[in-house]
Number of protein chains: 2
Amino acid sequence: MSLAHAILGWLNVEPMTGYDLNQVIEISTQHFWSTSQSQIYRTLSKIESRGWVAKEVIMQADRPPRKVYHITEAGQSELESWIVTFHKPLPPRIPWLIQVFFAGQVSDEAIVSVLEKKLANLRQRLQKISASRAISASQFDEDEDPRDVFYWMLTIDYGETNLQAQIDWIGRTLEKIKSREYEKLNLAALKGSPGEQDKNHV
Amino acid sequence: MSLAHAILGWLNVEPMTGYDLNQVIEISTQHFWSTSQSQIYRTLSKIESRGWVAKEVIMQADRPPRKVYHITEAGQSELESWIVTFHKPLPPRIPWLIQVFFAGQVSDEAIVSVLEKKLANLRQRLQKISASRAISASQFDEDEDPRDVFYWMLTIDYGETNLQAQIDWIGRTLEKIKSREYEKLNLAALKGSPGEQDKNHV
DNA sequence: TGCTAATATATGCGTACGCATATATTAGTA
DNA sequence: TACTAATATATGCGTACGCATATATTAGCA
């Protein structure tokens, strides 16, 4: 339940409504955890029933009432213990590698076209995340704790590094496919000498 | 529905039972798409009702009947069109970056400990995937199409490259935290000159 | 005048998934 | 003797999620 803890993390900064949370999560963590509006409200209800947050309802004349949530002591202790615990990673889900895995069943041109679109998509996401670095930099309060800023920036750095690594890999892979490297693949060598695998390292 | 298409991909190689599929998927694609036994049977039912596969029931004396599924023409055309189409990537879900994002709320030591465990976990997965490269190499039939083998190996290569990139990033990041790089962070420079961001590039 | 965006919360519906368990039998091991 | 693994399929239960929609009002724009 990572979303629950992302919400706790934000409410530990300051009390907020579901509407506020939706916006702040969208601009700050969308490169490693995105969500939907409905999911935010549902998760708020759930963690309220667990006693991790509590709300204060503020009536408004011309708008729905604002339900301002704040973190409780139980919530703070849950949050802290979650942050400092190593959690088993989610099982990897990379659907486009299924396409690569079965690419032998289609033409080289077809899979090249898919990878080129993937490449364009990755470049676009890299641009977006680099822009978000500049945006968040421009929005820092003067009194923002540099240590907080450092950790926020680390997640952007990870996004950029990871995206760039994917872009590089696909670039190299496209070259291999276009040069028909599989024609040079030596199956016997692949099987025979595990110590010399680098020669066939695709 | 990527699992449906992974199943179609395998059934396009040869007819199989759900039990067989569970095993072959576990050893071949677990580094980019893992699943559970129950999910395989449910997905088989679903794609059968869509007409993508059909089954032949073979009675056995002392075991449950084998339901051998084979791909239909409709299934083949669905599979091919899926493989050659660019699909919008799933929204990224990287829970441990939520921990990094809110690490300012705990001690450096606490987050360092989490990242060190993450590092150990990544190294373990890298070892496992490198071993699987050797294993699959040793299991190739002599008559395996080198082009198929090439694409299979690409997915392993991606896994290794990506894992190594993550390992490297966490290594660099641990150094930054331990050297308290955030003390040198210049907020004003970060805000002022977008062209010189590299100076503060964490 | 009519549309859209912003403010604010809430629910219904369907999908995909994992975990646990049920059923049934044989073969091998402690 | 009692367990575990292997063979083989199937279902119940709960979770997390996204998409669409509902409700209600104001402000701004075309």
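Letters A, B, ... are given to chains in the order of the sequence lines, protein chains preceding strands, and every chain is numbered from 1.
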Next item on the list: Would you tell me if any nitrogen or oxygen in the side chain of B:Lys46 comes within less than 4.0 Å of OP1 or OP2 on C:dT15?
Entry: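 Answer no for this pair, as no side-chain N or O of B:Lys46 is under 4.0 Å from OP1 or OP2.
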Notebook entry, point to check: Would you say A:Gln39 reaches D:dA16's phosphate, i.e. side-chain N/O to OP1/OP2 under 4.0 Å?
Noted result: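 No, because none of the side-chain N or O atoms of A:Gln39 sits under 4.0 Å from OP1 or OP2 of D:dA16.
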[N] base to [X] side chain: any donor-acceptor pair below 3.5 Å?
{"X": "A:Arg93", "N": "C:dG18", "value": "no"}
{"X": "B:Thr35", "N": "C:dC17", "value": "no"}
{"X": "A:Ser38", "N": "D:dC19", "value": "yes"}

Spacing between [X] atom [atom1] and [N] atom [atom2], to the nearest angstrom:
{"X": "B:Ile7", "N": "C:dA16", "atom1": "CD1", "atom2": "C1'", "answer": "13 Å"}
{"X": "A:Tyr41", "N": "D:dC19", "atom1": "OH", "atom2": "C1'", "answer": "16 Å"}
{"X": "B:Gln23", "N": "D:dA5", "atom1": "CD", "atom2": "P", "answer": "15 Å"}
{"X": "B:Glu26", "N": "D:dA6", "atom1": "CD", "atom2": "P", "answer": "11 Å"}
{"X": "A:Leu90", "N": "D:dC17", "atom1": "CG", "atom2": "C1'", "answer": "13 Å"}
{"X": "B:Ile40", "N": "C:dA16", "atom1": "CD1", "atom2": "P", "answer": "15 Å"}
{"X": "A:Met59", "N": "D:dT25", "atom1": "CE", "atom2": "P", "answer": "13 Å"}
{"X": "B:Arg66", "N": "C:dT25", "atom1": "CZ", "atom2": "C1'", "answer": "16 Å"}

Note to self: Once you apply a heavy-atom cut-off of 4.0 Å, does A:Pro91 come out as touching a base, just sugar-phosphate, or nothing?
What the structure shows: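 Nothing: the residue A:Pro91, judged by heavy atoms under 4.0 Å, touches no strand.
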Notebook entry, point to check: Which pair of heavy atoms, one from A:Ile94 and one from B:Trp33, lies closest together, and at what distance?
Noted result: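 Minimum heavy-atom separation between A:Ile94 and B:Trp33: N-CE3, 3.7 Å.
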Check: Taking DNA chain D as the partner, which of residues 14-21 of chain B come within under 4.0 angstrom of it by heavy atom?
Finding: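 Only B:Thr17, B:Gly18, B:Tyr19 qualify.
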Notebook entry, point to check: Side chains of B:Gln105 and A:Asn12: is there a donor and an acceptor less than 3.5 Å apart?
Noted result: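 Present: a donor and an acceptor within the cut-off.
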Checklist line | Test item: B:Pro15 and B:Tyr69 side chains (from C-beta on) under 4.5 Å apart, heavy atoms | finding: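 B:Pro15 vs B:Tyr69: side chains apart.
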Notebook entry, point to check: Which nucleotide in the set C:dA16, D:dA8, C:dC19 lies at the smallest distance from any side-chain heavy atom of B:Arg42?
Noted result: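 Side chain of B:Arg42 sits closest to C:dC19.
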Checklist line | Base-pairing mate for D:dA22 - Watson-Crick or G-U, with both contacts under 3.5 Å | finding: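 Its partner is C:dT9.
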Check: Is it true that atom CD of A:Gln164 has more than 12 heavy atoms of other residues, nucleotides or ligands lying nearer than 6.0 Å?
Finding: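 Above 12, so yes.
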Item checked: B:Gln23 atom CD, over 12 foreign heavy atoms within 6.0 Å ->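 Yes, because the 6.0 Å sphere around CD of B:Gln23 holds more than 12 heavy atoms from other groups.
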Item checked: Earlier contact from the 5' end, DNA chain D, for B:Ser45 and A:Leu3 ->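 So the residue in question is B:Ser45.
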Margin query: The criterion is side chain to side chain contact (heavy atoms under 4.5 Å, CB included); which residues satisfy it with A:Gln37, sequence neighbours excluded?
Written below: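 Only A:Asn22, A:Tyr41 meet the side chain to side chain contact (heavy atoms under 4.5 Å, CB included) criterion with A:Gln37.
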Note to self: Just to verify, what does B:Gln30 make a side chain to side chain contact (heavy atoms under 4.5 Å, CB included) with, not counting sequence neighbours?
What the structure shows: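 For B:Gln30, the residues satisfying side chain to side chain contact (heavy atoms under 4.5 Å, CB included) (neighbours in sequence not counted) are B:Lys128.
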Listed pairs under 3.5 Å, donor-acceptor, residues 108-119 of chain B side chains, sequence neighbours left out:
from	atom 1	to	atom 2	distance (Å)
B:Asp108	OD1	A:Arg147	NE	3.0
B:Asp108	OD1	A:Arg147	NH2	2.9
B:Asp108	OD1	A:Tyr151	OH	2.9
B:Asp108	OD2	B:Tyr182	OH	2.4
B:Glu116	OE2	B:Lys178	NZ	3.3

Protein-nucleic acid N or O pairs under 3.5 Å, nucleotides 21-23 of chain C:
none

Note to self: Any carboxylate oxygen within less than 4.0 angstrom of a Lys/Arg side-chain nitrogen, looking at B:Glu160 and B:Arg133?
What the structure shows: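 Between B:Arg133 and B:Glu160 there is a salt bridge, with a charged N closer than 4.0 Å to a carboxylate O.
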Next item on the list: Quick one: list whatever passes ring pair (Phe, Tyr, Trp, His ring centres under 6.0 Å) with B:His87, sequence neighbours left out.
Entry: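 B:His87 satisfies ring pair (Phe, Tyr, Trp, His ring centres under 6.0 Å) with B:Trp82 only.
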